[in-house]
Amino acid sequence: MAYDFNKVLSNFQLDVELISCERYGEGHINETYLAVVKEDGKEKNYIVQKINSNLFKDVDKLMNNIRLVTEFNREKIKARGGNPDRESLSIVYAKDGKPYYHCESCDAYFRVYKFITDAIAYQVVEKPEHFYESAVAFGNFANLLAEFDATKLYEVLPDFHNTEKRFRDFEASLKADKMGRAASVKEEIDFYLSRKDYCGRIVNLLRSGEMPTKVTHNDTKLNNVMLDANTGKNVAVIDLDTIMPGSICYDFGDSIRFGCNPAAEDEPDLSKVNFDINLFESYAKGYLSAVGKGATQIERDNLAFGAILMTYECGMRFLADYLDGDVYFRTHREGHNLDRTRTQIKLVKDMEKLLPEMEAIIKKY
Ligand code: ADP
Ligand code: GN1
Ligand code: MG
């Protein structure tokens, strides 16, 4: 569906003439468009996004989170002599001062970001250096936000990484066994039940205050980092929809879960799926070189475990969804969620064997 982008842009604090506005990028959550405009006689780009308001029910609160975090980051970047328009996502405000515009006639929510120039968001790890650079970007992001008061943020998707809650949801799916699938996946179910003690470790440290609650990104995949088109160096972290209070071990762990497996997340041939400790080392080195005082000792002590936990949790979510009849994660074939579950189980088993080495790598950097 095409929107009247002339009208949309006229509601933002921009003095531009629209040349074109086409779908852009490969995000799965929002509808992203590249607006090419004429501004001060020159051609310039902006990112326009139609926000997914089915998933994000309270757009006002969602955008307030992004406003708080980007304004905080922009000030920090300026203070250290950087270029905030390139190193941070930057909001273009609507004429009424809000960080978004609601089109009444089409009932859609739009936001506009400054375009991060000469940079690329890669979909897959083409070179190990890309993965390393994404680690530097996320480490730097955690460093910038270490002093940000996480309680100011609205919990966009409550209990997102509350693994104890995820376990209870899994048990409920198992009990209901809506599709009658449980009997055929007993081995996978037992895998998750037998590791129940993983679930409480981080949430309890957060609850007791032993581990600080920080701002977390919650979608720390490679395609949410912009890398310089010429040098390959990291430029900025984008896609801030799921910033919420949590543990930095979640963000670190989720990057590892996704990026240290040379095969796809849904690869049916498990012989291709394995945890690559060299990629882990590369990520750990990049992350720890940038995070600085953004990671305290107790957080550092739990980074390697965070990778196991995120992989365990994600696989358990895939399996629960399989038992529920594939209602949450988009599936493209029979047993798709089960294939995803099995890759995550394989990765957890690999990591369990390598945990001492992983911990030694964290200590080394
Ligand atoms: P989704 O939540 O749907 O994943 P993203 O916010 O990640 O959406 O944006 C999708 C894609 O659009 C990104 O992968 C990137 O290629 C591009 N993009 C998003 N924001 C910017 C920006 N400020 N500058 C340049 N490109 C951007
Ligand atoms: C979902 O939409 P995407 O691919 O960025 C999920 C993540 C999972 C991931 C697994 C909001 O992320 O938590 O790790 O799938 N996001 C949400 O592929 O549930
Ligand atoms: Mg994205």
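Just so we're clear, the structure is a prediction, and the values are computed from it rather than from any experiment. Ligands are counted one by one from 1 in listed order, and the atoms in each one are counted from 1 as well.
Of the candidates Ile91, Ile29, Ile47, Ile47 brings a heavy atom nearest to atom 22 (C) of ligand 1.
For ligand 1, the polar-atom distance check finds an N/O of Ile116 within less than 3.5 Å of one of the ligand's N/O atoms. For Lys221, a nitrogen or oxygen atom sits less than 3.5 Å from a nitrogen or oxygen atom of ligand 2, counting backbone and side chain alike. Polar contact check, Phe115 against ligand 1: no nitrogen or oxygen pair lies under 3.5 Å apart. Looking at ligand 1, you won't find any N or O of Tyr113 less than 3.5 Å from one of its N or O atoms.
Here Asn223 does not reach the Mg ion (ligand 3): none of its N/O/S atoms is less than 2.8 Å from the metal. The distance from the Mg ion (ligand 3) to the nearest N/O/S atom of Asp239 is under 2.8 Å.
Those atoms of ligand 2 with a heavy atom of Tyr328 less than 4.0 angstrom away are 11 (C), 17 (C), 19 (O).
A cation-pi arrangement is present between Arg195 and Phe191, with the terminal nitrogen or guanidinium carbon under 6.0 Å from the aromatic centre and inside a 45° cone about the axis.
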Next item on the list: Report the C-alpha distance between His161 and Met310 in whole Å, list the side-chain angles of each, state the deciding distance to 0.1 Å, and finish with yes or no for side-chain contact (heavy atoms from CB on, under 4.5 Å).
Entry: CA-CA 8 Å; His161 285 312; Met310 287 296 99; 3.4 Å; yes

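Of all non-hydrogen atoms in Ala137 and Val237, the two that sit nearest each other are O-CG2, 3.6 Å.
Look at Phe160 and you'll find a heavy atom under 4.0 Å from some atom of ligand 2. At least one heavy atom of Arg317 sits closer than 4.0 Å to an atom of ligand 2.
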